[in-house]
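Computation of the quantities below employed the complete heavy-atom set of this structure, encompassing side-chain atoms and omitting hydrogens, waters and symmetry-equivalent molecules. Chain identifiers are assigned alphabetically (A, B, ...) following the order of the sequence lines, protein sequences preceding nucleic acid strands; residue numbering begins at 1 within each chain. As the structure is a prediction and not an experimental result, all values here were calculated from the model.
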Number of protein chains: 2
Amino acid sequence: MAGQVKAEPVRRLPRAERREQILAAATEAFARNGFASTSLDDIATEAGVTRVILYRHFDSKTDLYQAVLDRMCARLDANVGEPVGGFTDASIDGLLAAAMESPAGFRLLFQHAARETDFKARIETFRADITAAAYLQISAFVPDDGLARWASQLAPVVAIEAIIAWLDAGQPDAAQAAARVRQAVMGVITAAASSEVDCSLPNPSIQGGTAHGNP
Amino acid sequence: MAGQVKAEPVRRLPRAERREQILAAATEAFARNGFASTSLDDIATEAGVTRVILYRHFDSKTDLYQAVLDRMCARLDANVGEPVGGFTDASIDGLLAAAMESPAGFRLLFQHAARETDFKARIETFRADITAAAYLQISAFVPDDGLARWASQLAPVVAIEAIIAWLDAGQPDAAQAAARVRQAVMGVITAAASSEVDCSLPNPSIQGGTAHGNP
DNA sequence: GCATATGTTTACTTCCAGATATACAAGGTG
DNA sequence: CACCTTGTATATCTGGAAGTAAACATATGC
């Protein structure tokens, strides 16, 4: 049976386009297992090209990774805007928009790159800016400095995790997603601000227990 | 000159103790960079021992890692208790206790192992149990199923991140730490439960130009 | 005191994945 | 058509880290 297998005529792309496509593929691949556990072959496969081709667009694996991170950071900056403005409603809108544009990139940045010693610097500045902005706001509400630092470190993390969980859950109630993320963040601030905390989670068996603690 | 360098008389330990000490050292080392980016030499150095010794206690790097994870999971199970009970106040107390016993182990489990494809299974069951328990409780408050799933996935994550941030911030107000974590979690539930959400973060109102960042 | 377990040192093999080089194939545009 | 670009195939070099082996040193408990 000499069945011609339709040869799949080798889709060729202009250089710039191929580069973009590789970056996108690399983002997906890296987002799964991070830098160290992702081989160039994984990426090549994901992009549908040979490993050799990668070297015609990027000097090294590190170079490629950095390009991926830069690309995503740029997207973030574009959406979040000047980080000097503080950790505001707009920041969360921006994060949400960026996450919807590139879920894989979002995960890559905050779940992998942020913990890779060789690359965290690029993200750490971003996070540090947000944390500092949050601290300025939160410290006005929270007298205890330790608690203020706790909350300002936690608030951005909760925002990010809330967004990721929201993506995972299938983006329910998209219209009010940002508002709900904000509310979750508010929970953190409230938790730090209360001087006398007496909060219980709803009891699983008895429905009588009302959720109290949130003004 | 023949300066004797105090020879450091090679502390020897009985097998079981050395094994424990290696596990502790490996926990610290792995917690920094995860499985792939941590070499056996890193661990040996951390333990103050030669690489060869590691092989007298563990068959392979993978075997050692698994032992580290198992050890920490056991600690978790001991503190959190039967996960079938639901995601309750006691769960958070248990998580907090486990995190204080071994901060490195806590980070390792939830920030690294949970994202390593070869090892996540061990943790995924733990997380799945908690998430399922949380879902049962939360779905009673939240009519929309998508939102309920969002909240029940997010709630444990927020608890964990709140605890880690609390460790990072120097464990402020330890007496009420658990209550504050609960309160942060409550913020998530509230966010999912509200049908009409209209939440804003506090405005970074032009307060006296205190422009000192976060330490 | 002595045997044994504990630990060191050194050298080696193996394997993987990053990186490089070269020869060849074919699309499309001047 | 000629030519350059894009892509493939293959082979090889390389370095680092996992894993193995053997000879040696000495604390320590019996």
Side-chain angles (χ1 to χ4, degrees), chain A residues 4-30 32-69 112-113 116-119, chain B residues 4-26 28-30 32-69 112 116-119:
Chain A
Q4 316 273 4
V5 198
K6 205 37 171 291
E8 184 86 19
V10 186
R11 291 185 308 189
R12 295 170 67 162
L13 299 179
R15 184 169 177 79
E17 258 173 74
R18 177 62 75 186
R19 187 188 150 94
E20 263 310 299
Q21 188 244 343
I22 289 177
L23 284 173
T27 302
E28 297 290 330
F30 280 131
R32 282 196 290 272
N33 297 318
F35 179 76
S37 304
T38 303
S39 74
L40 288 178
D41 277 315
D42 292 338
I43 297 167
T45 301
E46 178 85 26
V49 290
T50 314
R51 209 177 78 241
V52 181
I53 281 294
L54 301 183
Y55 284 101
R56 289 203 193 159
H57 293 269
F58 304 93
D59 289 342
S60 66
K61 185 186 180 185
T62 300
D63 183 43
L64 168 57
Y65 194 56
Q66 214 98 46
V68 167
L69 296 185
H112 291 281
E116 290 159 351
T117 43
D118 292 341
F119 305 100
Chain B
Q4 315 273 6
V5 198
K6 202 39 169 284
E8 183 86 21
V10 185
R11 296 204 324 193
R12 296 166 70 158
L13 299 179
R15 184 170 176 81
E17 258 174 74
R18 177 63 74 188
R19 187 189 150 96
E20 263 311 298
Q21 188 243 346
I22 289 177
L23 283 173
E28 298 291 330
F30 280 132
R32 282 195 289 273
N33 298 316
F35 179 76
S37 304
T38 303
S39 75
L40 288 179
D41 277 316
D42 293 337
I43 297 167
T45 301
E46 178 85 25
V49 160
T50 314
R51 198 165 50 96
V52 181
I53 279 293
L54 301 183
Y55 285 101
R56 292 205 193 157
H57 293 268
F58 304 93
D59 289 342
S60 66
K61 184 185 180 185
T62 300
D63 183 43
L64 169 56
Y65 195 55
Q66 214 98 47
V68 167
L69 296 185
H112 291 281
E116 290 158 351
T117 43
D118 292 341
F119 305 100

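Note: NZ (B/K61) to P (C/dC16) measures 15 Å, nearest angstrom. At whole-Å resolution of the value, CG in B/D42 and P in D/dG16 are 14 Å apart. Rounded to a whole Å, the CG atom of A/L64 is 10 Å from the P atom of C/dA19. In this structure, the CG atom of B/L40 is 12 Å from the C1' atom of D/dG16, given to the nearest Å. Distance B/L54 CG to D/dT20 C1': 14 Å, rounded to the nearest Å. Regarding A/D41, its CG atom lies at a distance of 13 Å from the P atom of D/dT8, rounded to whole Å. Between A/D118 atom CG and D/dG16 atom P the separation is 14 Å, expressed in whole Å. Atom CG in A/D63 sits about 13 Å away from atom C1' in C/dA19, given to the nearest Å.
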For nucleotides 6-9 of chain C, give me every protein contact, N/O to N/O, under 3.5 Å, one pair per line with atom names.
from: C/dT6; atom 1: OP1; to: B/R15; atom 2: N; distance (Å): 3.1
from: C/dT6; atom 1: O3'; to: B/L13; atom 2: O; distance (Å): 3.3
from: C/dT6; atom 1: O2; to: B/R12; atom 2: NH2; distance (Å): 2.9
from: C/dG7; atom 1: OP1; to: B/L13; atom 2: N; distance (Å): 3.3
from: C/dG7; atom 1: OP1; to: B/R18; atom 2: NE; distance (Å): 2.4
from: C/dG7; atom 1: OP1; to: B/R18; atom 2: NH2; distance (Å): 2.5
from: C/dG7; atom 1: N7; to: B/R56; atom 2: NH1; distance (Å): 2.6
from: C/dG7; atom 1: N7; to: B/R56; atom 2: NH2; distance (Å): 3.4
from: C/dT8; atom 1: OP2; to: B/T50; atom 2: N; distance (Å): 3.0
from: C/dT8; atom 1: OP2; to: B/T50; atom 2: OG1; distance (Å): 2.7
from: C/dT8; atom 1: O5'; to: B/T50; atom 2: OG1; distance (Å): 3.2
from: C/dT8; atom 1: O4; to: B/R56; atom 2: NH2; distance (Å): 3.1

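In terms of heavy-atom proximity, A/E116 sits nearest to A/F35 at OE2-N, 3.0 Å.
Taking 4.5 Å as the limit, every side-chain heavy atom of A/F30 sits out of range of all side-chain heavy atoms of A/L69. Using a 4.5 Å cut-off on side-chain heavy atoms (C-beta onward), A/L23 and A/E20 make contact. Counting heavy atoms from C-beta on, the side chains of B/R18 and B/R12 never come closer than 4.5 Å. B/E46 has its side chain within reach of B/R32: a pair of non-hydrogen atoms, C-beta onward, lies under 4.5 Å apart.
A/S60 places a side-chain N or O within 3.5 Å of a backbone atom of A/D63 that can act as its donor or acceptor partner.
Within 4.0 Å (heavy atoms only), A/T38 reaches sugar-phosphate atoms of the nucleic acid but no base atom.
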